[in-house]
Amino acid sequence: MLQLKKTSSIIMMALIASTAIAGIFLAFQQPRATLAQTSGEDLCGQTITQSIDLTADLTCSEDGLKVQGSNIIIKLNGFAMRGPGDDTNTTGIFVDGGHEVRIEGPGMIESFGTGIRYSDVVGGTISNVQVGNSGVGLLADSSEETQWKNLYVHDNRVGAIDDGSHNSEVEGLAMSSNDVAVHVMGNSRGIDIDFNLILDGKTGVQVDPGVTSAKVFYNTMFRQEVLDMKLPTPLEGVLLGNNNCTASDPTQYCEGRVLPTGQRLTTNECGAGQAVQHECVEGLNLPSADNGEEPEERGLGTQEHLTPEAQQAADAALQRVMNGTQQSQTQSNDNSASTSADSRSSENNDDNNNT
């Protein structure tokens, strides 16, 4: 009898210990909420402290979402967030502090004063999102190791700003019709700007004096109204190489473009520091600036004027982003959001049960 009591006590103690361990394990897991949106505005202005999945489009009259916390994932799930306009003091998604906050597409954020802002954040990635029609598309200020990857950034006054951040990465972006595509401010350090397609804006990459340890490599830039690259003089703190562009200031830092004939178009043929004239890029099949016709809309819709090499680069840069975005817009327009929400809610419940 005594032995049975001892055995029962041991079993009870083991059960209590295992329950405590399970509780500790669950306490450290980051919860994910599937938000049940009843309208296109019911999340606008809220502060998010855990991972979420959007279940409908958001149309906000002021700010979108504010994110506070660490190891949080915002999944757009193919939906759009729209704000009140590019001339407003609003932000679509504002990540305020924390570590490793991720914003994942496909999805669209447009018509805010700032589309996505990371401030005083360590780590974190924005990927497969379309950000457009805003004052500033992307902003990282006083942050570290922020990654912007595989994005379509278009029709902003400034596509992306790095302001006092360290070791940021801008990689694999398609950037169209921004007044300035990427602006690196003078108190930034260690930014990498690589493998991006930048076209149909005014200035491609602008790096201010005072930047340290910046790297600008393997970018394709063309059809800017002013310059492909505006760099400090003297050039200090910036490493450059293999940038396929024609007009930089100083003039010697573009590799030039290869025409379909095989001829290399060098920067000296177009000059720098002034508006690039179509006459100096004869052979690229660009439309005349003064042909008496209605001006053609800037943007990626004018791809019939690209060389085969540039067309291939544009297709590769856009494929990952645009496929998902176009599909999501179709879903949104055919009123299937409720069905999708039910499905995602069921999947999340299954995941939580499995966990």
Spacing of [atom1] belonging to [X] relative to [atom2] belonging to [Y], to within rounding of 0.5 Å:
{"X": "Asn77", "Y": "Asp57", "atom1": "CG", "atom2": "CG", "result": "11.5 Å"}
{"X": "Asp208", "Y": "Asp163", "atom1": "CG", "atom2": "CG", "result": "9.5 Å"}
{"X": "Leu139", "Y": "Asp141", "atom1": "CG", "atom2": "CG", "result": "5.0 Å"}
{"X": "Tyr218", "Y": "Asp194", "atom1": "OH", "atom2": "CG", "result": "9.5 Å"}
{"X": "Met81", "Y": "Ile116", "atom1": "CE", "atom2": "CD1", "result": "8.5 Å"}
{"X": "His99", "Y": "Glu145", "atom1": "NE2", "atom2": "CD", "result": "10.0 Å"}

Which heavy atom in [X] sits nearest to a heavy atom in [Y], and how many Å separate them?
{"X": "Gln68", "Y": "Ile72", "answer": "O-CD1, 3.6 Å"}
{"X": "Pro250", "Y": "Thr233", "answer": "CG-OG1, 3.6 Å"}
{"X": "Ser134", "Y": "Phe112", "answer": "CB-O, 2.9 Å"}
{"X": "Trp148", "Y": "Ile161", "answer": "CH2-O, 3.4 Å"}

So, the side chain of [X] versus the backbone of [Y]: is there a donor-acceptor pair under 3.5 Å, distance only?
{"X": "Asn196", "Y": "Leu173", "value": "yes"}
{"X": "Asp63", "Y": "Gly45", "value": "no"}
{"X": "Thr49", "Y": "Gly69", "value": "no"}
{"X": "Gln224", "Y": "Phe222", "value": "yes"}
{"X": "Asp200", "Y": "Ser176", "value": "no"}
{"X": "Ser165", "Y": "Ser143", "value": "yes"}

Please examine the side chains of [Y] and [X], heavy atoms only from C-beta on, and report whether any two atoms are closer than 4.5 Å.
{"X": "Ile193", "Y": "Asn219", "result": "yes"}
{"X": "Pro232", "Y": "Val207", "result": "yes"}
{"X": "Ile191", "Y": "Ser168", "result": "yes"}
{"X": "Met229", "Y": "Val216", "result": "yes"}
{"X": "Met221", "Y": "Asn244", "result": "no"}
{"X": "Leu138", "Y": "Leu151", "result": "yes"}
{"X": "Leu235", "Y": "Leu240", "result": "yes"}
{"X": "Ile103", "Y": "Tyr118", "result": "yes"}

Heavy-atom neighbours of [X] [atom1] exceed 12 at 6.0 Å:
{"X": "Glu62", "atom1": "CD", "answer": "no"}
{"X": "Phe217", "atom1": "CZ", "answer": "yes"}
{"X": "Arg157", "atom1": "CZ", "answer": "yes"}
{"X": "Asp120", "atom1": "CG", "answer": "yes"}

May I ask whether [X] and [Y] are part of the same hydrophobic cluster, defined by side-chain heavy atoms of I, L, V, M, F, W, Y residues being less than 4.5 angstrom apart, directly or through others?
{"X": "Ile93", "Y": "Ile48", "value": "yes"}
{"X": "Val153", "Y": "Val180", "value": "no"}
{"X": "Phe94", "Y": "Met108", "value": "no"}
{"X": "Val121", "Y": "Ile109", "value": "yes"}
{"X": "Val211", "Y": "Val182", "value": "yes"}

Report task. Mind running side chain to side chain contact (heavy atoms under 4.5 Å, CB included) on Ile73 and Ile52 for me, showing each step along the way? Result -> CA-CA 6 Å; Ile73 303 173; Ile52 65 170; over 6 Å; no

Query raised in the report: Side chains of Asp162 and Ser188: is there a donor and an acceptor less than 3.5 Å apart?
Result: yes

Query raised in the report: Are a donor atom and an acceptor atom from the side chains of Asp96 and Ser119 found within less than 3.5 Å of each other?
Result: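 Side-chain D/A pair, Asp96 to Ser119: absent.
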
**Report entry** side chain to side chain contact (heavy atoms under 4.5 Å, CB included) evaluation trace for Lys66 with Gln46
**Finding:** CA-CA 6 Å; Lys66 185 175 184 178; Gln46 290 197 24; over 6 Å; no

Query raised in the report: Taking it one step at a time, do Lys230 and Asp249 satisfy salt bridge (Lys or Arg N to Asp or Glu O under 4.0 Å)?
Result: CA-CA 5 Å; Lys230 172 64 176 174; Asp249 185 6; 3.1 Å; yes

Query raised in the report: Could you go step by step and tell me if Asn71 and Glu100 meet the side chain to side chain contact (heavy atoms under 4.5 Å, CB included) rule?
Result: CA-CA 5 Å; Asn71 301 308; Glu100 299 297 340; 3.6 Å; yes

Query - Derivation and outcome, side-chain hydrogen bond (donor to acceptor under 3.5 Å, both in side chains), residues Asn133 and Asp86 - result: CA-CA 6 Å; Asn133 298 301; Asp86 62 354; over 6 Å; no

Query raised in the report: Can you list the steps and then say if Thr90 with Thr88 is a side-chain hydrogen bond (donor to acceptor under 3.5 Å, both in side chains)?
Result: CA-CA 5 Å; Thr90 57; Thr88 59; 2.7 Å; yes

Requested in this report: Just do the salt bridge (Lys or Arg N to Asp or Glu O under 4.0 Å) check on Arg82 and Glu110 with the steps written out, would you?
Outcome: CA-CA 5 Å; Arg82 297 184 176 91; Glu110 65 173 6; 3.0 Å; yes

